[in-house]
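Take a look at the structure below.
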Protein chains: 2
Amino acid sequence: MDDKAAKPAPTGTTGPAGPTGPTGPRAARKRQAVVRAARDLFLREGFGVGMDAIAAEAGVSKVTVYNHFGSKEALFTAVVAGALDEPLADGGPAGGPDLARLVTAEGPDELKAALTEAGRAWGRAVRADAEGRALRTLVATELHRFPELGRAWHAHGPAGHHPAVADALRTLADRGTLDIPDLEVAVLQLYSLLVFPQMVFEQYGTELGEELGERLVVDGAEMFLRRYSPAPAP
Amino acid sequence: MDDKAAKPAPTGTTGPAGPTGPTGPRAARKRQAVVRAARDLFLREGFGVGMDAIAAEAGVSKVTVYNHFGSKEALFTAVVAGALDEPLADGGPAGGPDLARLVTAEGPDELKAALTEAGRAWGRAVRADAEGRALRTLVATELHRFPELGRAWHAHGPAGHHPAVADALRTLADRGTLDIPDLEVAVLQLYSLLVFPQMVFEQYGTELGEELGERLVVDGAEMFLRRYSPAPAP
DNA sequence: TAACTGAACTGTACGGGACAGTACAATTGA
DNA sequence: TCAATTGTACTGTCCCGTACAGTTCAGTTA
């Protein structure tokens, strides 16, 4: 595979296949069909899947695939990089937690309830996001073969929504609802308690269990608040 | 690949290649060389690596590989299953935390110091265990192609040393040093605070940073103890 | 509206190469 | 002596990428 990529000039008579692919309305439809099929198959079968299979799944001739993307490597990187950006466009596949409810919570009880519900939402999102899981595994597997994915990768992953969570915690701290000396650590601890267990176990096929997950979320929220609740004024 | 595995009787004239491979002292040496080379290459390149490359890396003829293991699939499962068992035989590549120091700690300060040091040891172990990381990624990638790996996998992974940690925490609870209502949750929380952040970020190539990791460990131990320290008798 | 035009698409077939597994004769080593 | 090992060469297969001749489609002109 690598020797082919070392070809000095991949000039083919079929098409340019370089920066500019085919244009037009029908080309856009076909291109999208190819991207969709390639993403599904790459996520399910890995990079080893054949181009014929991708073309067949897309209902498209193999030559069309090569007219749009010049090589298997280009198709792979384009599709995976695109899939990395997708979850940030919409609000995520299963919907993230309701951060607004966190910052508007009044009183310790309501805050705890909001935090627990946020943990449940994260758990649901992680559990339902089989596609994201496969994407992470795929990128981790092929990172050494496609180093350019590393650049696109580092911006995403588990650090994806850190800014929003950090903003929510900072607001709570400014308001005096919480006492957070180290914001960066607090954000990571919140993820550690409410998200990472689900992620780690789900990633490796092990089931955490509905009821154990609930206990973890409830007690995790309890733990987080007990750590960062301000000491009552004496 | 799958159709070849569906062959009813892989009877070859070269050798039995079934349950019994070659025997003898030099056969054992060659076999070990093959296993070692195959493990390295599978972990580095994935299942796609060629048998010729494995044989060459082992300094062994390809026929010898087929005399010991009858097929590529058999070699893969044998090697990966073996690699899964290895870390439990010895105490781990980088040495786990000193659990004995945990249970023998006297007083809150010493307990906190012991817990922090345990967190540092876990971080070092996770960070140094590049092989285990590649193994987890490999198993997660090839799980759908080799379902028999799932059986061997579930016993390991992050749940590997849970019993030891659970014993340590139970001892502390029995002694009254800690007040733990839900032991299972407490064990998972300890892992969540001290191990999972390192694992998650390391698995996906992102660096957590020496100094941030230290802050996480120190504050994680603080958080865990604040949650589970018994209320002072009034 | 209807004919025209050129780009995009299709189907098949092929070259080149890599790889799993085998055959076989020669060689090594306990 | 005899099982284990080696080196080479081979078969069959799969797959990437391309060639080519024919067909569909979108936009333009008359």
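All chains are named by letter (A, B, ...) in the order of the sequence lines, taking the proteins before the strands, and each is independently numbered beginning at 1.
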Q.
Within 45 degrees of the ring normal and closer than 6.0 Å to the centroid, is that where the cationic atom of B:Arg31 sits relative to B:Phe69?
A. yes
Q: Show your working on salt bridge (Lys or Arg N to Asp or Glu O under 4.0 Å) between A:Arg36 and A:Glu57 and close with a plain yes or no.
A: CA-CA 9 Å; A:Arg36 194 165 281 282; A:Glu57 174 84 9; over 6 Å; no
Q | Interatomic distance, A:Phe69 CZ vs D:dC16 P [rounded to whole Å] | A | 15 Å
(Q) Whether B:His68 contacts D:dA4 is assessed here as follows: a side-chain N or O lying under 4.0 Å from the phosphate OP1 or OP2. Is that the case? (A) no
Q: Could you say whether B:Thr64 or A:Asp52 is positioned toward the 5' end of DNA chain D, judged by the nucleotide with the nearest heavy atom to each?
A: B:Thr64
Q | A:Ala27 side chain, from C-beta outward: closest of C:dG11, C:dC9, C:dC24 | A | C:dC9
Q.
Quick check on C:dA20: is either OP1 or OP2 less than 4.0 Å from any side-chain nitrogen or oxygen of B:Ser71?
A. no
(Q) Can you tell me which nucleotide in D:dA4, D:dT6, D:dG27 comes closest to the side chain of B:Val63? (A) D:dT6
**Q.** Rounded distance (Å) that lies between atom P of D:dC15 and atom CD of A:Glu73
**A.** 16 Å
(Q) Within the 4.0 Å heavy-atom criterion, would you say A:Gly48 contacts the bases, only the backbone, or no part of the nucleic acid? (A) nothing
Q: Indicate, with yes or no, if the rings of B:Phe146 and B:Phe47 have centres closer together than 6.0 Å.
A: yes
Q | Distance, rounded to the nearest Å, where B:Asn67 contributes CG and C:dG21 contributes P | A | 13 Å
Q: Give one of base, sugar-phosphate or nothing for A:Val49, where a contact means two heavy atoms less than 4.0 Å apart.
A: sugar-phosphate
Q.
Output the rounded distance in Å from CZ (A:Arg26) to P (D:dG27).
A. 9 Å
Q: Could you check how far CE of B:Met51 sits from P of C:dG21, rounded to whole Å?
A: 6 Å
Q) Less than 3.5 Å between a donor and an acceptor, one on the side chain of A:Lys62 and one on the base of D:dG17, is that the case here? A) yes
Q) Which is it for A:Arg39 and A:Glu45 under the salt bridge (Lys or Arg N to Asp or Glu O under 4.0 Å) test, yes or no, and what are the steps along the way? A) CA-CA 10 Å; A:Arg39 197 198 51 184; A:Glu45 307 281 346; over 6 Å; no
Q | Donor-acceptor pair present, A:Lys72 side chain and D:dG17 base, under 3.5 Å | A | no
Q. Is A:Arg120 paired with A:Glu214 through a side-chain N to carboxylate O contact shorter than 4.0 Å?
A. yes
Q: May I ask you to verify if any side-chain N or O of A:Arg29 is less than 4.0 angstrom from the OP1 or OP2 atom of D:dA26?
A: yes
Q) A:Tyr66 has an atom OH; how far is it from atom P of D:dC15, in whole Å? A) 12 Å
Q) What nucleic acid atoms does B:Gly24 come within less than 4.0 Å of, heavy atoms only: base, sugar-phosphate, or nothing? A) nothing
